[in-house]
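Atoms within a ligand are numbered from 1 in the order they appear, just like the ligands themselves.
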Amino acid sequence: MQFSSYRDLREKLLAREMSCEAVVMAYLQRIEATRDRNIYISVFYDEALRQARSLDRKLDAGETPGKLFGMPMAIKDNISIEGTGLTCASKILSNYTAVYDATVIRRLKEEDAVFLGKVNMDEFAMGSSNENSSFGPVPNPYDSTKVPGGSSGGSAAAVAGDLALVALGSDTGGSVRQPAGFCNVVGLKPTYGRISRYGVVAFGSSFDQIGILSKNADDAAAVLGVIAGNDGSDATSSHNQVPDYGAEMEGVSLRGLKIGIPKEYFPESLNSDVASVIQERLDLLRSLGAEMIPITLPESDYAIAAYYILTTAEASSNLARFDGARYGYRSEKSSDLSDMYVNSRTEGFGEEVKRRIMLGTYVLSAGYYDTYYKKAQQVRRVFLNRYREALANVDVIAGPTSPFPPFGIGDKMDDPLEMYLADVFTVPASIAGIPALSVPVGFDSSGLPVGMQLIGNFFEEGKLLGTARAVQNAGKV
Ligand code: GLN
């Protein structure tokens with residue numbers, strides 16, 4: 001029982017061709033049969049079936065089905081669902097149970113989505129390969145010796161493997177787009193503030209955004225329409241009206257669409273397979289009427305440095321709350337309070353998280369603040385202006401999502417700087433706060449997926465998703 005889109009599933013459910021219970025059961029059985037892939041951290045066997053049965057009764061009673069009626073979803077394990085584990089794939093939260101629903105979860109429940117479980121990720125969403133997880137790595141669905149990308153590696157692998165129809169992830173610098181690209185699915189990071197962050201464990205608060213991973217742009221639009229919008233519990237959530245994304249998508253046509261092609265997104269060092277798959281699809285889009293406009297984003301080389309200064313600074317502050325005192329793991333070894341803090345954090349956090357806390361503390365320290373943190377903030381403003389200028393002349397910006405195809409498990413673990421380069425094309429949109437997505441466009445010579453990134457202007461998710469649909473469909477003819 002597999003579905004190419006939510007529309008397909010919804011039609012069958014509403015026509016009573018199959019029950020929610022049967023659909024959810026089929027997903028749970030596939031999840032059970034693939035536990036060795038390490039995708040799910042926890043599976044809600046009983047609760048998902050209970051939810052499904054109550055949805056079936058709802059139809060029996062003639063009640064109106066919600067907008068996401070029966071949609072089987074996987075949720076990244078840094079998003080709060082009341083009464084269930086919330087680990088962030090970290091030892092420090094291994095015994096923690098969430099005490100409230102994230103706003104997105106509440107909204108999804110109201111529209112009758114079904115939660116299958118929580119999925120694997122890099123610890124506290126720090127990483128590009130899902131290897132920084134206390135639960136261990138996740139194999140790429142196309143080659144089990146390769147990584148699925150990160151940090152939302154479990155979310156991407158779940159959708160790619162039909163272990164959920166749609167998944168939520170979080171994207172601070174590429175964590176939805178990059179794994180989507182590596183697993184051949186669509187991954188959308190909306191405009192900063194489009195979706196409430198209430199109930200998402202903070203990493204870099206001025207960057208974090210919940211994102212959606214799905215098989216196609218229409219499913220992402222359906223979910224975005226439900227979870228977007230202002231929330232009194234998140235002061236950074238936007239008051240902008242949530243548009244009808246389906247209608248906005250209809251308004252997009254490749255004919256005359258202006259696609260900006262930044263030369264910095266096609267450097268000499270770009271993997272040649274990635275370069276040719278992207279180029280081929282761009283040529284196809286041109287033959288279908290799109291206009292390619294060469295642009296330049298000259299500060300691109302500074303993106304990684306600015307991103308890692310700003311996000312580690314924010315992370316060092318956000319992660320101060322995990323001290324063994326209030327919740328989470330507490331070291332047994334301690335003799336006094338300060339010892340307890342130190343031991344709990346030393347034992348509870350993984351390598352990468354500790355590296356970032358140290359980096360962040362350093363760039364914020366007196367004497368270095370102006371040199372690093374303040375400078376990076378200034379660079380952030382330059383990026384914002386530069387992308388605004390570029391997007392005033394084009395509809396979307398296109399390029400590869402990742403500079404290379406999925407890499408081998410273990411290949412980059414000894415070299416954090418090498419790992420950070422995986423984000424070179426995804427962090428700029430996060431720095432600027434603008435929406436971006438990854439859409440599948442083909443495979444490299446060893447059959448590994450290649451994603452194309454599309455970047456849009458503030459709150460133009462509809463246009464981006466409409467373009468993504470056209471880009472994906474162009475490959476099907
Ligand atoms: N890979 C990037 C990092 O490690 C992005 C992470 C994310 O978007 N959460 O910071």
Ring geometry between Tyr372 and Tyr362 (parallel below 30°, tilted from 30 to 60°, perpendicular above 60°): tilted
Amino acids contacting ligand 1, non-hydrogen cut-off under 4.0 Å: Ala125, Met126, Gly127, Ser128, Ser151, Asp171, Thr172, Gly173, Gly174, Ser175, Phe203, Tyr307, Tyr308, Arg356, Asp423
Parallel, tilted or perpendicular, as decided by the 30° and 60° cut-offs, for the rings of Phe443 and Tyr142: tilted
Residue list, side-chain hydrogen bond (donor to acceptor under 3.5 Å, both in side chains) with Asp122, at least two apart or on another chain: none
Option among Lys189, Arg177, Lys76 that satisfies the salt bridge (Lys or Arg N to Asp or Glu O under 4.0 Å) test with Asp171: Arg177
Sequence-distant partners of Tyr27, ring-ring contact (aromatic ring centres under 6.0 Å, His included), two or more places apart: none
Test side-chain contact (heavy atoms from CB on, under 4.5 Å) applied to Asn473 - qualifying residues, sequence neighbours left out: Arg469, Lys476
